[in-house]
Structure formats: structure tokens, C-alpha cells
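Encoded as C-alpha cells, the structure appears first; notes follow it.
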Number of protein chains: 2
Amino acid sequence: MPEFLDLHSRTTKVLRALADEAMRANGLHYGQHHLLAALWRQDGRTPGEVAAKLHVTTPTVVKMADRMTTSGLLVRRRDDRDNRLVRLWLTDAGRALQEPVETARRDLEQQVTADLTEAELACLMDALAKVARTAEGLLGSGS
Amino acid sequence: MPEFLDLHSRTTKVLRALADEAMRANGLHYGQHHLLAALWRQDGRTPGEVAAKLHVTTPTVVKMADRMTTSGLLVRRRDDRDNRLVRLWLTDAGRALQEPVETARRDLEQQVTADLTEAELACLMDALAKVARTAEGLLGSGS
DNA sequence: GCCTAATCATTAGCCGTCAATCGATTCCGG
DNA sequence: CCGGAATCGATTGACGGCTAATGATTAGGC
């Protein structure tokens, strides 16, 4: 019955699969792009800062950073002034991915929206933004 | 840069969180509703059939069925005629959830789309369906 | 100046998802 | 009737996400 929810989750699945495919071509996993993007914009952030930026929880970022440290995309270093803080720094390998990955992501965006007219796309973005805002307002109020 | 993809994934996160919250109120986890829905429509399906219906892979259904068997929502039974097949059957507990869960789901749908006009919702559904179709066509062709 | 409270990362454990592999069973060609 | 091929469920291991608990360190109140 819930048409919108079902359609949205179906879209989510296929978009995720496509993004996964595109990122894998660059040696990345699905979610790692987002973490990298946060560091491309500003290097040396803490896990907590990144998590807030990505709208995910801190443990998610910590685990992702673990794997990406292992695979050599970034390094951990504790803050000099506040020893509780850990700062994530890009390696050259991590920085080198920015251009190809952003290109791939723009290509994907363009491909999946290719069948929409300007007006349709504008309406889609607008409506989706409204839904997101509404849902964010609802979250937590129901408990 | 990819506005639509970012907006869509943001919507996904918050919708998922809301759905999770709503299902937890019925003692379910996020994905279990979909499996139950498939069985409400037709009981006694095999894991592979359910997986196809939900557009997920077989291991996903098998693992989910494991947990739901443990929690008493359904039972496994091998097919009489083809001993390779396993069929999933609802228990009374599983059947009893249909009405409250479907109501909760309809409520959620209504709530998140409450701020949209009829026209906006129609446009959203239409555009999203187009994107889904386009993306499904793209999937696999890029490998 | 010390002790408590707040802050931050990490760990542990769960769920949902996938790809890849294994094992068992049925089906079909000869 | 028999053996290989196809089919299908189960298993394994990985990733992304969450909540809750743990541990270390800084900051603040008295």
C-alpha cells in the first residue's frame, strides 16, 4: 500500500548498486567516498566531526576509518593540544582519488537523471527536500 | 556536487530511521517487515522466491529467516516433493502482526508526504519511477 | 588543587546487504 | 538406468549502519 515508501526503497537499492559499481572501479567501497569527500573539503577532521557531516554515528566513521587506514587512504594522528581527539589525515593515495571519483559521481548523477526534463528534475529535488525536512522533524518525536 | 544523489541518500537515511523506529514499536527490525509482507501475500514461499520479490539476494532472506524463526515469527519446512526446497510458513505470531504493522506503515507514508500538495506528490512519484527505471537499465551494463 | 562531570574515541554486538562458494538434490541425455 | 549438468538453499566473510558500554582525557566547580 505505501506507494511512496516502496518506490523510494526500490530506488535506493538500485542507486546504491550503481554507486557501488562505480566506486569499486576506483578501488573504493560504497560508503568510503563520503568519508573521503569530507576530508577533501577539509583535511584533519576528527571522527566526530566527520560523522556529523555525514549524518552517521561516530562508530560508523571509526570502523570505516579503520579499514581505510589499513588500505592506505588515510592516517590517524592524535591532536597535539587535546589528547582525546584523533584527527584523520589523507594520504597521497587518498588525495589522488578525488578527481576520478568526483568525475565518476557526477557521471552517475547525470546518467540516472538523463530521462528527466528540467522541470521534472526541479520538481523531484524540491519534493524530495520537503520530504527529507518533514521526516527529519518527525524523527525522535515519535518516541 | 551531485545534488540529486546526495539528497536522495539523505532522504534514505532519515526514512530508514523512521521506519526502524516504527517497526521497533511492533517488536520488528527494519527489514523483517518486507519478508513478512511477502508471506502475508502468499504463505509458504521459498527463500529464493521471497528474495526475488524483495529484490534482495537469497543469503539476505536466509539470514533474516534464521532470526525470525528464532523469534517465533515463522517456521521452516522442507518441501515434500522437492527436497532441495525450503518453505517459510508464518506462525500465528507472524500473522498477528499484519494489521498493526500495515497500519503503522501507512501512517508513516502519510506523515512524510503530508507537506506535499497532490501535484507535488504526483510529480515526485513520477520522476522517482523514471529514475528507478533508468537506473535499473544502467545496472550491469557498466561492467 | 582535587574530584566530579562532560567529551571524545573505541569496542562489542546486532541487523541488513552483497558476492562467492559449497553441498545437496533433481532433471535430462544417452 | 546411470551420470553429468543445472538448480537451489545454506554458509562464509566482508561492508555500512546502529545502540550501548568502556576507557581515556580534559574542563569546571568548589
Side-chain angles (χ1 to χ4, degrees), chain A residues 9-10 12-21 23-24 27-36 38 45-52 54-71 73-74 76-88 139-140 143, chain B residues 9-10 12-24 27-38 44-52 54-71 73 76-88 139-140 143:
Chain A
S9 76
R10 174 178 151 219
T12 297
K13 272 195 193 70
V14 61
L15 285 183
R16 188 201 159 99
L18 278 176
D20 212 33
E21 191 174 277
M23 288 307 113
R24 209 177 296 269
L28 288 180
H29 292 278
Y30 173 73
Q32 303 186 342
H33 154 259
H34 298 294
L35 204 168
L36 284 180
R45 287 189 207 258
T46 68
E49 287 169 358
V50 173
L54 304 190
H55 299 106
V56 298
T57 60
T58 307
T60 298
V61 173
V62 169
K63 276 210 266 183
M64 217 175 327
D66 275 346
R67 292 186 281 260
M68 293 170 74
T69 299
T70 301
S71 63
L73 295 174
L74 48 85
R76 272 188 167 86
R77 213 166 57 216
R78 298 210 88 96
D79 189 293
D80 294 333
R81 307 214 305 243
D82 188 339
N83 217 303
R84 289 172 303 185
L85 302 184
V86 165
R87 300 202 169 271
L88 306 176
L139 199 54
S143 56
Chain B
S9 76
R10 176 180 149 218
T12 297
K13 271 194 196 73
V14 61
L15 284 183
R16 188 201 159 97
L18 277 177
D20 211 33
E21 191 173 277
M23 288 307 114
R24 208 175 296 270
L28 287 180
H29 292 278
Y30 173 71
Q32 303 185 343
H33 155 260
H34 298 294
L35 204 167
L36 283 181
R45 289 187 205 258
T46 68
E49 287 169 358
V50 173
L54 305 189
H55 300 106
V56 298
T57 59
T58 305
T60 298
V61 173
V62 170
K63 277 209 249 183
M64 216 174 330
D66 275 346
R67 292 186 281 259
M68 292 169 75
T69 299
T70 301
S71 62
L73 296 173
R76 276 186 163 86
R77 212 167 56 217
R78 299 211 86 97
D79 189 292
D80 294 333
R81 309 213 307 241
D82 187 339
N83 217 303
R84 288 171 305 183
L85 301 184
V86 167
R87 298 202 171 270
L88 305 177
L139 199 55
S143 58

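All values below come from the heavy atoms of this structure, side chains included, with hydrogens, waters and symmetry mates left out. We name chains A, B, ... by the order of the sequence lines, and we start the count at 1 in each one.
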Length of the [atom1]-[atom2] vector between [X] and [N], whole Å:
{"X": "Leu35(A)", "N": "dG17(D)", "atom1": "CG", "atom2": "C1'", "answer": "14 Å"}
{"X": "Met64(B)", "N": "dC14(C)", "atom1": "CE", "atom2": "C1'", "answer": "14 Å"}
{"X": "Asp20(B)", "N": "dT19(D)", "atom1": "CG", "atom2": "C1'", "answer": "11 Å"}
{"X": "His29(A)", "N": "dG17(D)", "atom1": "NE2", "atom2": "P", "answer": "13 Å"}
{"X": "Leu36(A)", "N": "dG16(D)", "atom1": "CG", "atom2": "P", "answer": "11 Å"}
{"X": "Lys63(A)", "N": "dC15(D)", "atom1": "NZ", "atom2": "P", "answer": "10 Å"}
{"X": "Asp79(A)", "N": "dT7(C)", "atom1": "CG", "atom2": "P", "answer": "17 Å"}
{"X": "Leu139(A)", "N": "dC18(D)", "atom1": "CG", "atom2": "C1'", "answer": "12 Å"}

So which one's nearest nucleotide on DNA chain C is more toward 5', Gly48(A) or Lys13(A)? Gly48(A)
Using a heavy-atom cut-off of under 4.0 Å over every strand shown, decide if Arg87(A) touches base, sugar-phosphate, or nothing.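 It contacts nothing in the nucleic acid.
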Going by distance alone, is a donor N or O of one side chain under 3.5 Å from an acceptor N or O of the other, for Ser9(B) and Thr12(B)? no
Kindly write out the residues that satisfy salt bridge (charged side-chain N to carboxylate O under 4.0 Å, His left out) with Arg87(A), not counting sequence neighbours, or none if the list is empty. Asp79(A)
Taking salt bridge (charged side-chain N to carboxylate O under 4.0 Å, His left out) as the definition, give me every residue that meets it alongside Arg10(B), ordered by chain and number, with sequence neighbours left out.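 Result, salt bridge (charged side-chain N to carboxylate O under 4.0 Å, His left out) vs Arg10(B): Glu136(A).
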How close do His34(A) and Leu54(A) get, counting heavy atoms only, and between which atoms? O-CD2, 3.5 Å
Taking every non-hydrogen atom, the tightest pair across Arg84(A) and Arg78(A): O-NH2, 3.1 Å
Within the structure, does a side-chain N or O atom of Arg16(A) lie under 4.0 Å from either OP1 or OP2 of dC18(C)?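 For dC18(C), OP1/OP2 do not have a side-chain N/O of Arg16(A) under 4.0 Å.
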Within the structure, does a side-chain N or O atom of Thr60(B) lie under 4.0 Å from either OP1 or OP2 of dC18(C)? yes
Salt-bridge criterion met for Asp20(A) and Arg24(A) (N-O under 4.0 Å):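 A salt bridge links Asp20(A) with Arg24(A).
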Would you check if the side chain of Thr69(A) reaches a backbone N or O of Ala65(A) as a donor-acceptor pair within less than 3.5 Å?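 Present.
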Per-nucleotide protein contact along nucleotides 19-28 of chain C, 5' to 3', at a 4.0 Å heavy-atom cut-off (B base, S sugar-phosphate only, - neither), is BB----BS--
